[in-house]
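All values derive from a computational prediction rather than experimental measurement.
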Amino acid sequence: MPELPEVEVTRLSFAARIANARVLAVTTGKPLRWPLGCLPSALVGQSVLAVRRRGKYLLLDLDKGLLLIHLGMSGSLSFAVQLPASGAHDHFELATTQGCLRLNDPRRFGAVVFTLDEGSPMALKLLGKLGMEPLSDEFDPVAFQRGLKARRTAVKQVLLAGELVVGVGNIYACEALFHAGIRPTALAANLSGGRAGRLYDAIREVLARAVQRGGSTLRDFSSADGSAGHFQLEAMVYARTGKSCKVCGTSIKSIRQGQRSSFFCPKCQRN
DNA sequence: CAGTGGGCCTGAGTGC
DNA sequence: TGCACTCAGGCCCACT
């Protein structure tokens with residue numbers, strides 16, 4: 001499940017190699033979450049100037065316009081001079097002068113969207129409400145604490161919503177909450193300043209560590225050069241229901257919150 | 001207005 | 001073996 005670390009690792013694995021490449025051809029497969037927003041032929045001849053990331057979106061800067069790529073929950077990118085023949089789940093491909101960029105996405109929750117700039121209606125719809133970047137200097141502990149105070153719902157839901165801080169999906173929300181000693185069900189507005197501060201630190205540490213380890217490969221994630229991630233080996237709670245806590249030995253519990261699983265240690269994490 | 005829950009989509013896993 | 005069912009979950013959107 002691509003969260004911020006997987007998207008960033010993907011970006012790092014092909015950004016330099018695709019820089020300044022010119023698009024030779026575009027191939028589309030089955031429909032993704034949103035339509036491309038232009039004729040595929042409109043991309044031909046443009047150059048890819050840079051690859052940036054905003055939250056879980058990759059932004060490919062073109063001469064004229066911007067390509068937004070989201071991996072959904074089962075998407076992965078490959079970039080190589082020569083790729084194998086395309087398969088049933090390859091739904092977008094950019095052939096360039098420096099190699100081929102391909103999106104494989106069995107569940108098709110992902111998207112590739114062309115937009116003229118970050119101020120366009122579609123870009124605003126997708127990017128407009130995104131919160132702070134947790135690994136950047138703009139991630140402000142005071143603003144983070146204020147944001148938590150303003151939300152009358154479970155802290156885990158606030159992290160997943162992405163309007164306060166971006167890039168934290170189910171895995172890293174569970175892991176960060178464990179490291180901060182906070183139960184996923186704790187009400188955001190009730191967290192003390194100290195606990196909010198520990199959560200702030202935990203988010204930064206968990207995400208930075210996951211990027212270092214190449215992300216988490218649970219089923220089939222790999223970066224654009226094909227390498228797998230290893231952070232899942234360091235998971236303290238995620239998908240460890242019934243196993244013993246690596247800190248205190250207590251059995252890890254799982255609950256449902258907003259139709260998704262939360263994992264926590266009942267002893268190390270309190271409300 | 002904020003918060004909640006449905007639906008999108010397919011493959012892996014489980015039980016009968 | 002095969003079928004029906006559940007689950008994975010990021011995100012938008014309709015609803016309360």
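Rounded to whole Å, atom C1' of C/dG10 lies 16 Å from atom CZ of A/Arg53. Atom-to-atom, CG of A/Leu159 to P of C/dC11 comes out at 13 Å; the value is rounded to the nearest Å. Rounded to whole angstrom, the span from the CG atom of A/Leu32 across to the C1' atom of C/dG10 amounts to 14 Å. Between A/Arg151 atom CZ and B/dC1 atom C1' there is a gap of 12 Å when expressed in whole angstrom units. As rounded to whole Å, 11 Å separates atom P of B/dG3 from atom CD of A/Gln157. One can place CG of A/Leu68 at 16 Å from C1' of C/dG10, the figure rounded to the nearest angstrom. Here the C1' atom of nucleotide B/dG11 and the CG atom of A/Asn104 are 12 Å apart, to the nearest Å. Summarising the geometry, the separation between CG on A/Leu103 and C1' on C/dG10 is reported as 14 Å, rounded to the nearest angstrom.
Between the side chain of A/Arg33 and the base of B/dC8 there is no donor-acceptor pair of N/O atoms closer than 3.5 Å. In terms of polar N and O atoms assigned as donor or acceptor, the side chain of A/Arg260 comes within less than 3.5 Å of the base of C/dG10 in a complementary pairing. Contact annotation: side chain of A/Arg107 to base of C/dA8, donor-acceptor pair present below 3.5 Å.
Nucleotides of DNA chain B nearest to A/Gly258 and A/Lys30 differ in position, and the one nearer the 5' end is that of A/Gly258.
Side-chain N/O atoms of A/His89 include one lying less than 4.0 angstrom from OP1 or OP2 on B/dG11. In this model, the phosphate group of B/dT10 is not approached by any side-chain N or O of A/Ser74 to a distance below 4.0 Å at OP1 or OP2. Listed pair A/Thr153 / B/dA2 fails the phosphate criterion, with no side-chain N or O lying under 4.0 Å from OP1 or OP2. Between A/Lys125 and C/dC12 there is no side-chain N or O to OP1 or OP2 distance below 4.0 Å.
The residues A/Glu175 and A/Arg209 are annotated as not salt-bridged, no charged nitrogen and carboxylate oxygen being separated by less than 4.0 angstrom.
Picking from C/dG10, B/dT10, C/dC12 the nucleotide with the shortest atom distance to the side chain of A/His70 gives C/dG10. For A/Gln259, the listed nucleotide lying nearest its side chain is B/dG6; candidates were B/dG11, B/dG6, C/dG10. When distances are taken from the side chain of A/Glu3 to each of C/dG10, B/dG3, B/dC9, the shortest belongs to C/dG10. Between B/dT10, B/dC8, B/dG3, one nucleotide has an atom nearer to the side chain of A/Phe109 than all others, and that is B/dC8.
Between A/His70 and A/Tyr57, the angle of the ring planes goes over 60°, which puts this pair in the perpendicular group of the 30/60° scheme. Taking the six-membered ring where the residue is Trp, A/Phe139 and A/Phe144 present perpendicular rings, their angle passing 60° and hence far from 30°.
Not one N or O on the side chain of A/Arg151 forms a donor-acceptor pair closer than 3.5 Å with the backbone of A/Val155.
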Query - CA sep, side-chain torsions, deciding dist, call: A/Arg256, A/Ser261, side chain to side chain donor-acceptor pair (under 3.5 Å) - result: CA-CA 5 Å; A/Arg256 300 286 292 176; A/Ser261 300; 3.2 Å; yes

